[in-house]
Asks: 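Can you keep this structure in mind? I'll have questions shortly.
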Amino acid sequence: MGSDIGALFQREEVALSELRGMRIAIDGNNMIYQFLSNIRQADGTPLMDRNGKITSHLTGLIYRLTNLIEIGIRPIFVFDGKPPALKARTIEKRREIREVAEEKWEDAKLRGDKEAAMKYAKASARITPEIIADSKRLLDIMGIPYIDAPSEGEAQAAFLIKNGDADLVGSQDFDSLLFGADRLVRNLAITGKRKVPGKKIYLDVSPEIIDLERNLERLGITHEQLIDIAILVGTDFNEGVKGIGAKTALKLIKREGRIEKVLESLNLEIEGLEAVKSIFMRPEVRDDYTIGWREMDEEALLHFLCDLHDFSEDRIKKAISRLKSADQGQMRLDKWF
DNA sequence: CGGTTGAA
DNA sequence: TTCAACCGG
């Protein structure tokens, strides 16, 4: 979920094809959560193989990655490591919300209320170690690199840009900007209709790039002040001040200069303020990674998805042939330029 | 979510 | 050919 600061940023819509050649550090946990939440049957049941193992994430990954690779995007997945101790409350709160949603899902199914069933099913999605392991196995087979972050994945993804190993961070959340990612791309999917909070309202959603430096300049704040704003609003590592949203926090920080002054003027305190700031200012990352794209293993892909997880052989063969022509396309371009 | 299908 | 409903696993 992250910090609710999205309203502050100006975005530039792009076509997916404009990202050709880009190395994108993808927030793996974020993308996989999206798949687990969204790829479901009408009553909210996720896709499963014959053994009852969830496969929604594998479905999402194989088709999404086929599209990205076909376009010439070079994904690097980053997975979360050990969460900071300050995240404990957020993790616990998420668990409670999930458990309530699970009960409401069951209830809605019994009542035959499909719409409510889907809504609560989505909210009950949970990433397990097995789901992460499956996803990594698929990435390995597809020849797509991934990195295990020591702590927050978005921090590691931001570091990849700083270190010259990626051009963009890919995530729906804005936290990578707090970690100093220069450029974030959201909606990293083929343009399509997506429904939002409302009921029957569908909107076209296309990829959008958020440029950190340009936004800081426009807002007239520093990176540190952006972090202060996020802390006032609330992050995964602190609760935030009740009644203060992104716009109010911006106003307050611009007026007072820094969060300490804002809190002083409001006669408030934030527990562990320095520690929260430090998570964003000096994130725990690793630099001992290697990144390499390889050719996919066709046979392994068919075995893993079709034999082990009951995917249709026709469909996967189709994906394989698209991946192969993408490979050749890139070879041709590489020789030309 | 994204591929497939089938009605217009 | 287009687009929305429906599957997929």
Side-chain angles (χ1 to χ4, degrees), chain A residues 15-17 19 24 26-73 75 77 105 109 112 114-115 117-128 130-135 137-139 141-142 144 170-173 185-208 296 300-326:
Chain A
L16 209 50
S17 57
L19 302 177
I24 306 186
I26 293 176
D27 178 351
N29 291 71
N30 182 264
M31 185 176 278
I32 288 164
Y33 179 82
Q34 232 75 34
F35 291 145
L36 290 172
S37 177
N38 289 317
I39 304 180
R40 289 170 183 272
Q41 295 172 257
D43 71 348
T45 308
L47 302 188
M48 291 181 293
D49 63 22
R50 88 192 84 178
N51 298 315
K53 303 279 186 191
I54 294 176
T55 55
S56 296
H57 56 303
L58 299 176
T59 305
L61 283 171
I62 183 68
Y63 296 123
R64 172 77 59 86
L65 291 174
T66 299
N67 283 328
L68 297 188
I69 287 167
E70 194 168 46
I71 283 162
I73 288 168
F77 274 70
W105 177 22
K109 271 195 289 190
K114 295 259 180 189
E115 200 178 309
M118 184 56 100
K119 176 179 154 194
Y120 292 120
K122 284 171 183 282
S124 66
R126 185 169 83 92
I127 296 186
T128 64
E130 187 178 23
I131 281 168
I132 294 294
D134 289 343
S135 302
R137 181 160 174 195
L138 181 61
L139 293 173
I141 291 171
M142 295 183 78
I144 294 168
S171 179
Q172 291 306 98
D173 290 350
V185 57
R186 303 180 70 244
N187 308 332
L188 194 58
I190 58 164
T191 305
K193 305 211 189 299
R194 279 196 216 165
K195 65 179 187 314
V196 261
K199 291 182 179 179
K200 285 188 171 181
I201 307 159
Y202 283 79
L203 282 176
D204 274 339
V205 179
S206 67
E208 58 186 27
M296 71 172 153
L301 194 52
L302 281 166
H303 178 251
F304 179 56
L305 292 179
C306 304
D307 296 345
L308 264 36
H309 293 296
D310 302 328
F311 279 65
S312 141
E313 203 167 297
D314 278 357
R315 286 184 174 213
I316 299 309
K317 279 182 173 164
K318 227 170 262 185
I320 286 173
S321 100
R322 287 175 60 200
L323 288 164
K324 277 160 86 173
S325 41

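In what follows, chains carry the letters A, B, and so on, assigned in the order in which the sequence lines appear, proteins first and then strands, with residues in each chain numbered from 1. Bear in mind the structure is a predicted one, so any value in this text is a computation, not a measurement.
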Asks: Would you compute the distance between atom CD of A/Q34 and atom CG of A/N187 and round it to the nearest 0.5 angstrom?
Replies: 9.0 Å
Asks: How many angstroms lie between CG in A/L65 and CE in A/M142, if you round to the nearest 0.5 Å?
Replies: 5.0 Å
Asks: For A/T59, which contact category applies under a 4.0 Å heavy-atom criterion: base, sugar-phosphate, or nothing?
Replies: base
Asks: Please tell me whether A/T45 and A/D43 have a donor and an acceptor in their side chains that are separated by less than 3.5 angstrom.
Replies: yes
Asks: Could you tell me the separation between the CG atom of A/D314 and the P atom of C/dG9, rounded to a whole number of Å?
Replies: 10 Å
Asks: Considering just the side-chain nitrogens and oxygens of A/R40, establish if one lies under 4.0 Å of OP1 or OP2 belonging to B/dC1.
Replies: no
Asks: Can you tell me how far CG of A/L68 sits from CG of A/L16, rounded to the nearest 0.5 angstrom?
Replies: 6.0 Å
Asks: Could you check how far CZ of A/R315 sits from C1' of C/dC6, rounded to whole Å?
Replies: 11 Å
Asks: Would you say that A/F311 contacts A/L58 through its side chain, given a criterion of any heavy-atom pair below 4.5 Å between the two side chains?
Replies: yes
Asks: Within this structure, what is the CG-to-P distance between A/L47 and B/dT4, rounded to whole angstrom?
Replies: 15 Å
Asks: Please report the distance, rounded to the nearest Å, between CZ in A/F35 and P in B/dG3.
Replies: 11 Å
Asks: Give the rounded distance in Å between these two atoms: CD of A/Q41 and C1' of B/dT4.
Replies: 16 Å
Asks: At under 4.0 Å between heavy atoms, what does A/K318 touch on the DNA or RNA strands: base, sugar-phosphate, or nothing?
Replies: sugar-phosphate
Asks: Looking across every strand, which nucleic acid part, if any, lies under 4.0 Å from A/S56 by heavy atom: base, sugar-phosphate, or nothing?
Replies: nothing
Asks: Rounding to an integer number of Å, can you tell me how far A/R186 CZ sits from B/dC1 P?
Replies: 12 Å
Asks: What is the separation between atom CE on A/M48 and atom P on C/dC7, rounded to the nearest whole Å?
Replies: 17 Å
Asks: Can you tell me if A/N67 touches the phosphate of B/dG3, counting only side-chain N or O atoms and a distance under 4.0 Å to OP1 or OP2?
Replies: yes
Asks: Rounding to a whole Å, what distance do you find between A/I54:CD1 and C/dG8:C1'?
Replies: 15 Å
Asks: Can you identify which nucleotide, out of B/dG3, C/dG8, B/dT4, has its nearest atom closest to the A/I190 side chain?
Replies: B/dG3
